[in-house]
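Below is one structure, written out as structure tokens, with a few remarks after it.
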Amino acid sequence: MDATLNGDTVGLRCDEGVIAEVGPGVSAAAGDEVIDGAGMALVPGLINAHTHAAMTLFRGFADDLPLMEWLEEHIWPAEARLEPEHVYWGTRLACAEMIRTGTVAFWDMYWHPEAVARAVEDAGLRAVVAVPLIDGGDPESARAKAEEALDLVRESPSGRVRAGFAPHALYTVGPDSLRWVAERAAERGVSVQIHLSETRDEVENCIAEHGVRPAVHLDRAGLLGPSTILAHGVWLDEAELDLIAERGATVVTNPVANLKLAVGGLFPYPAAREREVPMGIGTDGPGSNNSLDLLSDLKTFALLQKNAAFDAAAVDAGETLRLGRGEMSDLLRSPALGAGHPADFLLVRSDSPELALGELDAGLVYAASGSIVDTTVVAGRALMRRGEVEDAAEAAARAKECAFEIGVP
Ligand SMILES: [Zn+2]
């Protein structure tokens, strides 16, 4: 394909969803579908480690409100009207946007997870689709429903979709259900995603109710392990970071959603890095970001951390990209670009105004956004070529109809 990789002109051949060869001198074999990589750089795809993808349906709805008012008075009532078909098209629209902006895999938690899984299958991406759990009035029936949903998600035929549990947060899931999730997830060998320490109120309420801070409470339920993702972690203190590092859970920062919902704090990244806490980055849902362009959020992440540290060297572009590619967590990590590894990669326009001069990593983080991506390949299939995503127009039209049906203006 004649793209550049670390300064060399290379070719890459895929076979059955796997990279067969990559390097200088690799050229197409008879019968290969060929993508021209001239003027492009070959780079790994991004891993969006925290999303509620189908919330594209709520994009631009009830913006500019405080977090709990936004959730309780607007989002939760509209979500009560959601049917699987709505979630399917909302997720398809999210997938189209993620493909367009260079994400190859995402970690999702949302209602009707079987519809999320179907959408991911059809869109061609990879995802860990977590089945949500909120105790509500009847925790036992909520657990039974989550278990049923897990079975449905696990039936994904391609292997690109994996299932997990998503107890929503400590303020919506009680200790009994948390322990149940810990046991069931261990038995079934699946991961867990939970919101943790997003707001200061949440931390204060946890201390008032349980006598300990959120990470300690989660640990007592048996849920703070290497297969757990903690979304946000804004208010984690040093003792919690020590504990998380010891247990090996992954903290996923969502800088843009935190800014938009004005949580007033910042994930203590340098302190977490010092302790070698596994980490990733996510956009959070399109209702609270509102974009799924993770490349653009990488810049925000780096700038916020530099500014908060009073130090322009606090985080660099290469490190920021590693965070965005899931390379700081064994749970998130996808294999590097090499023979025998899954054929997931991007071609970015290295001859564009944003990337033509200077170092590629710095250009990607500080000058470019997701629009720089020309081609997105997952499991050897080009989901976008020359900036065109298959079925994107249909996904937008159908998602718009679905939003109207659930009463989102
Ligand atoms: Zn979230």
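Along the sequence shown, residues carry numbers from 1. Computed from heavy atoms alone, side chains included, the values below leave out hydrogens, waters and symmetry copies. Ligands are counted one by one from 1 in listed order, and the atoms in each one are counted from 1 as well.
Side chains of Arg325 and Ser334: no donor on one and acceptor on the other come within 3.5 Å.
When you scan the N, O or S atoms of His195 for the one nearest the Zn ion (ligand 1), you land on NE2.
Taking a cutoff of 4.0 Å between a charged side-chain nitrogen and a carboxylate oxygen, Glu238 and Arg275 qualify as a salt bridge.
The side-chain hydrogen bond (donor to acceptor under 3.5 Å, both in side chains) test with Asn48 is passed by exactly one of Thr283, Asp108, Thr103, Thr101: Thr283.
For His232, every N, O or S atom stays at 2.8 Å or more from the Zn ion (ligand 1).
Looking only at distances, no side-chain donor or acceptor of Asp8 sits under 3.5 Å from a matching main-chain atom of Val10.
Here His52 contributes NE2 and Asp284 contributes OD1, and at the Zn ion (ligand 1) these two atoms make an angle of 80°, given to 10°.
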